[in-house]
Amino acid sequence: MVELAPSILSADFAHLADAVQAAERGGGTLIHVDVMDGHFVPNITVGPPVVRSLRKATRLPLDCHLMIENPDALIPDFAEAGANWISVHYEACRHLHRTLHLIAEHGMKPAVVINPATRVNLLLDILPMVHHVLVMSVNPGFGGQQFLPFTLDKIRHLRELREEHKLNFRIEVDGGVAHDTIARVVQAGADLLVAGNAVFGDGHIEQNCQSLLHAARVAAGELQPV
Ligand code: DX5
Ligand code: ZN
């Protein structure tokens, strides 16, 4: 089943609870939280205190995408704040295997993220221990960027590896997922679809979730086109 993970990066941060609830009414089944530290990426967003507040605003799993240096230092704080899924960047982790274990030990689902310039093959040895792989389809740091089509090959490659090695990790995609790209992303094999600008950009949160999900389900063969 494809799932939509609205990214609050493009929401009104003064009204996050309303934004998250509208996304949930529209069919979003995860809330994607972009954590940026101004070092790994050239932008700063939110951390555990905001996750703690979001935890009170929704029962949906909080899918925290850490775009930070040294994520190990904050993993206990995210767990305590109520995060459910934690993804860390391959490019930011000196000891990725240890970091993924640490996330799991804290009762959260571990995931790895790769930037557009990072090859899928580098993940081979840790694929059995991740809940999902997040493929960045833009360079991380900002919402509203244009989808990079060459990243579709990474999604296809991951799907092949999952089959070949009989694994069951899920494939998430993040960046530029919108009405004009979502079908291609789903057809390539992604089943967790992050969308920021396409959900929150124009304020029609509920309708945007519905129409993105509809397009995704048609592309996945879960629905007939109308
Ligand atoms: C970018 C973030 C994304 C971002 C996607 O670094 O990781 O989650 O919110 O935004 P859109 O969907 O607008 O490209
Ligand atoms: Zn993200």
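Numbering of ligands and ligand atoms starts at 1, following listing order.
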_Checking the side chain of Thr45 only, and the main-chain atoms of Met36 only, is there a donor and an acceptor separated by less than 3.5 Å?_
yes
*Considering only heavy atoms of His32, which atoms of ligand 1 have at least one such atom less than 4.0 Å away?*
8 (O)
*Is there a donor in the side chain of Ser87 and an acceptor in the side chain of His132, or the other way round, less than 3.5 Å apart?*
no
*Is there a side-chain contact between Phe200 and Asn208 (heavy atoms, below 4.5 Å)?*
no
*Number the atoms of ligand 1 from 1 as they appear, then name those within less than 4.0 Å of a heavy atom of Met36, with their elements.*
6 (O)
*Check whether the side chains of His32 and Asp34 place a donor and an acceptor atom closer than 3.5 Å, and report yes or no.*
yes
*Identity and distance of the protein heavy atom lying nearest atom 1 (C) of ligand 1*: Phe142 O, 3.5 Å
*Can you list the atoms of ligand 1 that are under 4.0 Å from a heavy atom of Pro140?*
6 (O)
*Which residue supplies the protein heavy atom nearest to atom 12 (O) of ligand 1, what is that atom called, and how far is it?*
Gly196 N, 2.8 Å
*asked:* If the threshold is 4.0 Å, N to carboxylate O, is there a salt bridge linking Glu24 and Arg59?
replied: no
*Take atom CG in Asn168; do more than 12 heavy atoms of anything else shown fall under 6.0 Å from it?*
no
*Check: Gly176 main-chain N/O paired with Thr181 side-chain donor or acceptor under 3.5 Å*: yes
*Give the numbers and elements of all ligand 1 atoms closer than 4.0 Å to a heavy atom of Ser7.*
4 (C), 8 (O), 9 (O)
*To which protein heavy atom is atom 6 (O) of ligand 1 closest, and what is the distance rounded to 0.1 Å?*
Gly141 N, 2.7 Å
*ligand 1 and Ser10, any nitrogen or oxygen pair closer than 3.5 angstrom?*
no
*Give the residue, atom name and distance (to 0.1 Å) of the protein heavy atom nearest atom 14 (O) of ligand 1.*
Gly176 N, 2.7 Å
*Quick one: which ligand 1 atoms are inside 4.0 Å of a heavy atom on Asp34?*
2 (C), 3 (C), 4 (C), 7 (O), 8 (O), 9 (O)
*Test of ring centre spacing under 6.0 Å for His89 and Phe40*: yes
_Heteroatom proximity flag, Ala195 to ligand 1, N/O under 3.5 Å_ = no
_Suppose the cut-off is 2.8 Å; how many protein N/O/S atoms fall inside it around the Zn ion (ligand 2)?_
4
*What atoms of ligand 1 come within less than 4.0 Å of a heavy atom belonging to Gly143?*
10 (O), 13 (O)
*For Gly144, is the nearest heavy atom under 4.0 Å from an atom of ligand 1?*
yes
*State the atoms of ligand 1, each with its element, that fall below the 4.0 Å cut-off from a heavy-atom position in Gly175.*
14 (O)
*Is it true that atom NE2 of His15 has more than 12 heavy atoms of other residues, nucleotides or ligands lying nearer than 6.0 Å?*
no
*Got a sec: does the CZ of Phe147 have more than 12 other heavy atoms crowding it under 6.0 Å?*
yes
_Are there over 12 heavy-atom neighbours, none belonging to Gln146, within less than 6.0 Å of that residue's CD?_
no
*With sequence neighbours left out, write down each residue that passes ring pair (Phe, Tyr, Trp, His ring centres under 6.0 Å) with His106, or none if nothing qualifies.*
none
_Check: His39/Glu69 side-chain N/O donor and acceptor closer than 3.5 Å_ = no
*asked:* I need the nearest protein heavy-atom contact for atom 5 (C) of ligand 1: residue, atom name and distance, please.
replied: Asp174 OD1, 3.4 Å
*What distance do Asn84 atom CG and Ile31 atom CD1 have between them, rounded to the nearest 0.5 Å?*
11.0 Å
*asked:* Out of all atoms in ligand 1, which are within 4.0 Å of some heavy atom of Asn197? Include the element for each.
replied: 11 (P), 12 (O), 13 (O)
*Are any of the N/O atoms in Met136 less than 3.5 Å from those in ligand 1?*
no
